[in-house]
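Keep in mind the model is a prediction, meaning the values are calculated, not measured. By convention in this document, chain letters (A, B, ...) are assigned in the order of the sequence lines, proteins followed by strands, and residues within each chain are numbered from 1.
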Amino acid sequence: MITPATAVFIPFLGAILVVAAGNRASRLRNHSLVATGCVNLAVLIVIALDRGSHAEAQVLLETLPGLRIAFHVEPLGLIFALTAGLLWPVTSMYAIGYMEACRDEHRTRFHALFCVAVGSAMGVAFAENLFTLFLFYEILTFSTWPLVTHNRTPEAVSAGRVYLGVLLTTSVLMFLLAVVVVGNFGDTLSFRPGGVLGSLGPSATTVLLLLFVFGIGKAAVMPFHRWLPNAMVAPAPVSALLHAVAVVKAGVFSILKISVYTFGFDSLESVLRHELIMWIPAVTILLASTIAMKQDDIKARLAYSTVSQLSYIVLGALLANQLAMVGSTLHITMHAFGKITLFFCAGAIMVFANKKYVSEMNGLGRAMPWTFGAFLVASLSICGLPPTGGLWSKWYLAMGTLERGQMGLLAVLMVSSLLNLYYLTAIPFRAFFLGGDVDRGFLENRASMVAALVTTAAISVLLFFFASDLAGLVTEIKT
Amino acid sequence: MDSLIPALENHLPILQVIVPLLIAPFCMILGSRRLARGIMVLTAGIMLAITLGLASLTLQQPVITYDLGGWAAPWGIEYRVDMLTVFILFTINLVHMLASVFCLGRQDGNLGTAARPAFYTAWLLCIAGLNGMVVTNDAFNVFVFLEISSLATYTLISCGREPLALLSAFRYLVAGAVGATFILLSIGLLYMQTGTLNISDLSRVIAERGSDRTIILALAFFIIGVGVKCAVFPLHDWLPNAYRFAPDSVTVLLSGTATKVALYVLIRFLHDLFGADFGFAEMPLDMVLVVTAIFGLLLVPFIALRESNLKRMFAWSSVAQVSYIVMGIGLGTRLGIEAALLHLFNHAIVKTAIFMAVGIIIARTGTARIRHLGGMAHRHRFASCIMLFGGLSLIGLPGTVGFVSKWVLVTAVVDKGWWWLAIPILAGSLASAAYVWRIVEIMWTKPAVLKPEAPAARLHWVEWLPLSVLAGLALWFGLNASLITGLASSAALGLLNPGG
Amino acid sequence: MSFPGLLNYWVALILLVCGLIIVMDSRNLVKKLVGLGIFQSAVFLVFITLGKKSDGSAPILDASVSVYSNPLPHVLILTAIVVGVATTAVGLALVARIRRAYGTIDEDEIDDRPEVEPEIVP
């Protein structure tokens, strides 16, 4: 029997397999890791094809009356789960190569926690109510802390402290408070199309919205974004899957899902000073892009770029119309494929050429053609240029702002895209066209890593042609 | 045999108290440590069985009364067992059972003078006194049992390895004796105005004649006196050192029973004796208790954060957690009491487990200094994981018992209309996250400070068995709390509507 | 109300406060116990007083007496005295052990001692 719960538990099962195999049976461990990822993807595809029959809540446990651990399938969660589920086996292959190249001693712990994190992301994706969402959100926070502090260096530990500090403070003080408010003043904690806040007045709705937007710290809306650049001390695969896809997308996905199913567009319309609140993510978009331009460390630059792109999705959620919702959902997927490629490339540059600063990358293009080629494609996708999938998500978002009549926000989106273009394409430009006289030989000697980054870049391009199917899926939601 | 069981059934309330009381001297008389340990565990088992027997009786008949020596109340001493009593009895006797098993594994070196059989006598007297406080329905009897358990507790604490255990026990003795004398004075004042000592009778008389200054004074003395025993925030001074210097098994026992019973007495007296109308409508008790609780749960975690000793840090955390229970009691509503009882049970099992894990690490390394903990997680995985799990529950993360009770508490404050209290409750959770995570960080990410112990210190079954039971209970009740919530809810209902 | 009136209660109150001050203020452990004794005695006094009735006789049935004192508080106080004695005994035993361990019964002197740290082998 394949249900959403299956998709949630398979990664946890994978974690047990990985621990059971351990460092001694490392081949078995690696194989079971990839196999778990593939099985999980297969399960997700079956669920996607049969989504109609899983729309009802599937209750696993009832902790207290009204507090249920339950899952269901709806388009937003399905797209998020498919994105993470498709990228997981690819990242697993990449991670196996990366960790071997780094001669890391704690690979078992690393891979096992990775599985737990993916499982929690699945839990977030299929959560049927706010309690389940919050439960898996917190498991995600705690399971990624050991990954951030993986190196055990003082910098890693202090970065881990910021990571946990910001995520826990925001989630306990604001997110949980908001859940409490919904639980006590809303109709139900469950997600219902059209929202569950019927009886709440406009000012309470406004406060609640702010609590959610800032309380879901994983969405990295400024000023609660500090944890994300800090988390970059983690090994590259963690930055790639978790801090470009699973963790941050769990955050923005939560905001999107809550705005669609807990508030509903009608409630969002009633929010006081709606225009002003929409400027919160808009300011984050601009500021983060500006900061990203100044970063020389490639992972820090990508991290700030992520902060900026996440706020596109938050903005889309706050715009409260169908076009923007489609744009936000597409952007979860498009940005995921683009950004994971960029992180894969950053990791590959680190492993193959031992370089981590943008200023050192002159002339590397000939030694690592695949890597920088993929980097260029992914950059175009992040900027929203054809022929990549990123075009469509930004297109829908722009249409969403127009439908609201927010020309200012449209300008923000455009300016930010130009900034993206500048600070991302500068990297392959340097690699291919500057300092080309140094001959370093061919450096890309780990097939699994190169294959992974080429795959994700290729999917970014493929998404250009299949975006309409995803958009069609999202429009199934009755708002 | 067939006639014996129904005969015993009628006497279960008194057996709950008198069995440990009568058996206790034998530990000393027989003079053998091995024998004394066996007797202790056996008695703990019998007591838990009696509690379960009482529980099954209360299912058929909500209130069981027992007249001591056949003297009818209000002249004689009456024992009274209802859902609330059973709830508390179950909590403390479960903890006692597991703590007894855990105590078997403590070596002589850890217990100091506890190698003597008399230690086990004191142990049984302590738990006998606590059980007595729960089942009795006579105000003066509560005082007597309080003193029996307290005197035994002072003795147990003084058995700690370090000489400061003596001073901690002495300070607890002074604080405890002052507290108990306040309670005695309160009982005297009540008797002065009502002429009775039976709690049900007292409540009836107070309701009939209304309150006056003397009864207000009695209430004030009672709150202060029992506050010392509960370690309510400003009156908690004795607790951290008493827990720290007591032998590990005694800390385990006390953290799950002593303060919990004192909190039970607080609930019982406020609602059954003084009456909720007097305490919460006429007197601003709700404000008093809630405000002290807010201070407790916000300030104490910061003291814990600066603490250098693992055991005392968790002792501070107990003071903070008591504040949540006091807040629930302070609300005075049915949901508030339900939340208080739920947190009382949840905190009892979680903190017992944590102190057991701490005890295991101390037994292996000989130190409880936090800065010596570096890398300990890789050496003592089981104990460390239990500590982590317990810590997550102290924070109150979803999926743990701590979340369940805090959720009910938040529902209770919203239900009373004091929804703003949710903010300090959540802030308190966050503050506890700080000290819990400080430990986790040191244990998991810092390099080892201590040389590895010479023999591979394997876990004995008396160590992992009680821990696993507690962890299993915590896990189950964290995910599916319906059973325990139902019990707490009907206990609270029984307290507020004794008739129906 | 005749002469003593509330005098007993006033005395009890003064003793109570004196005892409490001694307990809190003195640094000598034995003096603390003395203070505790005074404090408890004050409460006993309250109990004894409330059992007494004006012109009441000892509660022994006799045809010539019609007003009896209430014996119950006195009985209660017997129990409380026993408890008080036991508390003092345990306290004194602890003080004796403390003196053996530290050579002093002054709290300040004991607090001033540095804690002995277990040896650390890095």
Side chain, backbone, both or neither: which part of A/Arg109 has a non-hydrogen atom closer than 4.5 Å to chain B? side chain
With a 4.5 angstrom heavy-atom cut-off, which part of B/Val414 approaches chain A: side chain, backbone, both or neither? side chain
Within 6.0 angstrom of B/Trp418 CH2, more than 12 heavy atoms from elsewhere: yes
Gap separating the CZ atom of A/Phe142 from the CG atom of B/Leu388, nearest 0.5 angstrom: 8.5 Å
Looking only at heavy atoms, which two atoms of B/Ala422 and A/Leu177 are closest? And how far apart? CB-CD1, 4.0 Å
Flag the pair B/Trp444 / A/Thr149 as yes when at least one side-chain heavy-atom distance between them is below 4.5 Å, and no otherwise. no
Would you mind checking which part of A/Leu67 comes under 4.5 Å of any heavy atom in chain B, side chain (CB onward), backbone (N, CA, C, O), both or neither? side chain
Which of A/Leu173, A/Val181, A/Leu60 touches chain B most, by non-hydrogen pairs under 4.5 Å: A/Leu173
Pairwise side-chain contact, A/Leu64 with B/Phe403, heavy-atom cut-off 4.5 Å (strictly under): no
Measuring from B/Trp419:CH2 to A/Phe185:CZ, what's the distance to the nearest 0.5 Å? 7.5 Å
Part of A/Ile139 lying under 4.5 Å from any heavy atom of chain B: neither
Would you please go through residues 115-125 of chain A and name the residues with a non-hydrogen atom below 4.5 Å from one of chain B, in numerical order? none
Any heavy-atom pair between the side chains of B/Pro398 and A/Glu138 that's under 4.5 Å? yes
With chain A, the option among B/Val404, B/Asp415, B/Leu426 that has the most non-hydrogen atom pairs under 4.5 Å is B/Leu426
Measure A/Val179 against the heavy atoms of chain B and call it side chain, backbone, both or neither at under 4.5 Å. both
Rounded distance (nearest 0.5 Å) linking atom CG of B/Leu430 with atom CG of A/Leu176: 10.5 Å
State, yes or no, whether a side-chain contact exists between B/Trp437 and A/Trp145 at a heavy-atom distance under 4.5 Å. yes
I'd like to know which of B/Leu392, B/Val440, B/Leu479, B/Thr485 tops the heavy-atom pair count under 4.5 Å against chain A. B/Leu479
Measuring heavy-atom distances to chain B, does A/Phe136 have an atom under 4.5 Å in its side chain, in its backbone, in both, or in neither? neither
Quick one: which of A/Ile69, A/Leu61, A/Thr63 gives a side chain to side chain contact (heavy atoms under 4.5 Å, CB included) with B/Asn480? A/Leu61
Contacts of B/Arg334 meeting salt bridge (charged side-chain N to carboxylate O under 4.0 Å, His left out) (sequence neighbours excluded), chain-then-number -> B/Glu338
